[in-house]
Amino acid sequence: MLPDLVPAAPGLRTAFLTHGYTVDGVRALLGRAAHDALTRGEPEAADRATRDGGELGVLVRLLLLGATEPAAAVRAALGDPGPLVGAGLLRVAGDGFAAALDVRPYADDAGSGAADDAWWVVSDLDTPAARQDRDHVTGVGGASLSLAAAAIRRPVDATLDLGTGCGVQALHASRHSRTVVGTDVAPRALALAAATLALSGVRAELREGPWLQPVAGRRFAHVVSNPPFVPGPARVDYVYRDSGADGDDALAALLGDLPGVLEAGGVAQLLGSWLHVRGEDWPDRVRSWLPPGCDAWILQREVVDPAMHVGTWQRDAGLDPAAPSARARAGEWLDWAEARAVEGVGFGHLLLRRTDAEPVVVVEDLVGELGGPLGPEADGWLDRVDWLRAHAGDDALLGATLALTASATLERYAVPGEEGWAEAGAAVARRDGPLWRHEVDEPAAALLAGCRGELPLGELLALLSFAHDRPYDALVAATLPAVRELVRHGLLVPVAP
C-alpha cells in the first residue's frame, strides 16, 4: 500500500513549526560540529546534542537519526501516532514507534525564513536495505542539489519537473513559476512527492506516466529533469536511476522529444550521462542527439572509467561491491561496457532553449570546481548567446564596447630556466562561477587591459596595431574569435552605449 500523508499534512506541519523542526531549528539544536557530522553520515554527535532537546529532540531522533522513541514522547511531539502509522509515516517498534519514511527540513536561498516558506522533503529511508528496493525513492542527494543549483530562476508561467521523484525540483520551481507540473513513472514517487508538497504548503499538479507522455500537447517555459540517467544494460534494477534503455539511448531520445513540450524561447535543463566510446569523439556523440531549432550548452563535469561507474552505482544502491551477488552483477555490467567499447562515462549538465534563430551549440568540459552555483551562469550564458547573435557580424562586434568582469584575473607563469625562472605564458581567468581560463599572449593581455568600458573594440585594436606594429586586418582576424569566446565565458562583459 502506498503512503498517504496528504490528509495528515496540516497537523504535521503545525507540529513541525511548533517544535522548531525546520532547517534553522535543527541546526541551532545540533550545533555546527554535530550538524556537520550528521551530514557526513555520523549520527552519534547529533544524538548526544538532542538529549535535552525536548520535542524537537524527539523529532530529530525519530525522523533523522532512525531511533525508536517511546509512545508518550511521540504523542507529545506529533499527537496520536495511530493515524500516522496508517498513513505510512511511522511503524510500531516494541513499546514505541520508529519512522517508516524519511522526513527532513529543507530550504533554499530564496526563502524569507518565515513559517510560510518552510519546506519538508519526504522520501524512503536512506538505509542500505531500503536502497535495495526496486521502487526506492531517494531524498535530497547530490544530484538533486546539483540540478537545483543549476536551474535558472526567471519568473515563468509554467514549469515541468520531469521525473519529479520526491518533489525537490517542484519545490524550487514554485518560487518562480505560476504553475508547476511534476511527472513520474513510479506511483510511489508521486505519493511521496504529494506528501512533500502538502507538508511544504506548495501547490503543484502531479501526473503519472513515462517520460513526456503525461504532458503530451502541453507547453512549458521551463523544464527541469533529473531523469534515470545511469548508462548500463537495458534493464531496470532501480526505478530512480535505470531507464530500461540500452546505454545512453534514453537521454538521446529525451533530447529529441523535448522541443515538443517547450514553448517558443522555453528552456530545458537536465542532468545526464553519456558514454565515451572508443573511436568516437564524445562531443560529436552528444551533439548528434540535439534536436534542430534549439540552442544548447552541454557541460561535462566529470568522466569516470567503467569500473568506477559500476562501483559508484552499486554503493549508491546500498550494495557491498565485494559480495558475491554484487560481483556477479558488476561482471555483467562490465561485460556490457566492454562489448560496446565503452572507455568512460561522462556526467554533466544539459541546457536547451527553443529558438527560431540559427542555433548556438556549445559542448565543453568544465575544468576544476565551480566557484558558485551554476544557475546564474546558465542564465547569463543565454543572455550572452543572444548578445553574440546580435553582434554576429565583425563590424557589429568591432563597434561594441566591452569591459573585463570584476572577477577576472591575469595569471603569469614561469618554468625553470638556465638562469632561474623563465616566463612561459599568461592566462586570463575568472574567480567566480565556472573558473574559465584562457591562454593569452602579450598583445591579447594588452587588449584586455584596455577593455574598461570606454572605447569600442575596433578603436582598441587600432591602438594595439600601432603599438605592436601589426597589420590591423590581421589583428582583427586573429582577435575576434577569441573575443567571442571570452564574452561567452563571461570574462568580457558588454557595456551599454
Side-chain angles (χ1 to χ4, degrees), residues 108 138 140-154 156 159-165 168-169 172-173 176 220-231 240-241 243 248 250-259 261-262 266-276 282-291 294-304 309 312 344-355 359-385 430 432-436 488-490:
D108 71 355
T138 61
V140 181
S144 56
L145 291 174
S146 180
L147 180 58
I152 295 169
R153 301 301 176 194
R154 296 180 180 182
V156 296
T159 294
L160 169 63
D161 176 13
L162 174 63
T164 190
V168 173
Q169 306 308 321
H172 287 281
H176 68 277
F220 298 87
H222 196 198
V223 175
V224 291
S225 183
N226 179 11
F229 61 69
V230 180
Y240 74 91
R241 75 171 201 200
S243 68
D248 46 22
L251 178 60
L254 177 58
L255 291 177
D257 291 341
L258 275 172
V261 297
L262 287 175
V267 172
Q269 294 183 268
L270 304 83
L271 297 181
S273 280
W274 39 84
L275 302 178
H276 286 233
W282 80 264
D284 288 344
R285 178 182 180 82
V286 176
R287 198 179 286 115
S288 71
W289 303 337
L290 299 175
C294 285
D295 294 324
W297 185 31
I298 314 300
L299 185 62
Q300 181 168 263
R301 293 287 305 271
E302 65 177 354
V303 184
V304 299
H309 174 69
T312 295
V345 180
F347 166 80
H349 297 269
L350 303 96
L351 182 154
L352 271 69
R353 176 175 61 178
R354 208 178 133 193
T355 180
V360 173
V361 175
V362 178
V363 183
E364 59 189 339
D365 283 284
L366 176 65
V367 179
E369 294 296 320
L370 277 168
L374 190 60
E377 184 69 17
D379 200 359
W381 188 90
L382 294 175
D383 289 339
R384 296 192 291 269
V385 163
R430 274 180 58 178
D432 62 354
L435 306 181
W436 302 119
R488 188 172 59 78
H489 277 164

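Worth saying up front: this structure is predicted, and the values here are computed from it rather than measured.
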Find out whether V345 and L275 are in side-chain contact, i.e. whether some heavy atom of one side chain is under 4.5 Å from a heavy atom of the other.
-> yes
Taking all heavy atoms of L271 and all of A143, pick out the closest pair and write down the distance.
-> CD1-O, 3.2 Å
Does the pair V385 and R353 meet the rule for a side-chain contact (heavy atoms from CB on, under 4.5 Å), with working shown?
-> CA-CA 11 Å; V385 163; R353 176 175 61 178; 3.9 Å; yes
Non-hydrogen atoms of L350 and W274 that approach each other most closely = CD1-CZ3, 3.8 Å
Do D295 side-chain atoms and V360 backbone N/O form a donor-acceptor pair below 3.5 Å?
-> yes
Minimal non-hydrogen separation, L147 against Q269, with atom names = CD1-O, 4.0 Å
Are any non-hydrogen side-chain atoms of L290 and P359 less than 4.5 angstrom apart?
-> no
If you measure only the distance, is there a donor-acceptor pair under 3.5 Å linking the side chains of H349 and E377?
-> no
Output yes when a side-chain donor or acceptor of S273 lies under 3.5 Å from a complementary backbone atom of G346, and no otherwise.
-> yes
Rounded to the nearest 0.5 Å, what separation is found between the CG atom of D248 and the CH2 atom of W282?
-> 12.0 Å
Do any N or O atoms from the side chain of Q169 and from the backbone of N226 form a donor-acceptor pair under 3.5 angstrom?
-> no
Rounded to the nearest 0.5 Å, what separation is found between the CG atom of L370 and the CZ atom of R301?
-> 4.5 Å
Please tell me if the side chains of W297 and V361 come closer than 4.5 Å, counting only heavy atoms from C-beta onward.
-> no
Taking the side chain as every heavy atom from C-beta outward, state whether L299 and W381 have any pair of such atoms under 4.5 Å apart.
-> no
Mind checking the CG-OG spacing from L258 to S225? Nearest 0.5 Å is all I need.
-> 7.5 Å
Compare all side-chain heavy atoms of L351 with those of L382 and state whether any distance is below 4.5 angstrom.
-> yes
Relative to each other, are the rings of F347 and F229 parallel, tilted or perpendicular (30° and 60° limits)?
-> tilted
Considering only NZ, NE, NH1 and NH2 on the basic side and carboxylate oxygens on the acidic side, decide whether R153 and D108 come within less than 4.0 Å.
-> no
Could you give the distance from CD (E364) to CZ (R488), rounded to the nearest 0.5 Å?
-> 4.5 Å
How long is the span from the CG atom in L255 to the CD1 atom in I298, to the nearest 0.5 Å?
-> 6.5 Å
Would a 4.5 Å heavy-atom cut-off, applied to side chains only, mark T312 and V304 as touching?
-> no
P373 and P376: which non-hydrogen atoms are nearest, and at how many Å?
-> O-CD, 3.5 Å
Name the orientation class of the two ring planes belonging to H176 and H222 (parallel below 30°, tilted from 30 to 60°, perpendicular beyond 60°).
-> tilted
V261 side chain near L162 side chain, heavy-atom distance below 4.5 Å | no
Sub-4.5 Å side-chain heavy-atom contact between C294 and P259 | yes
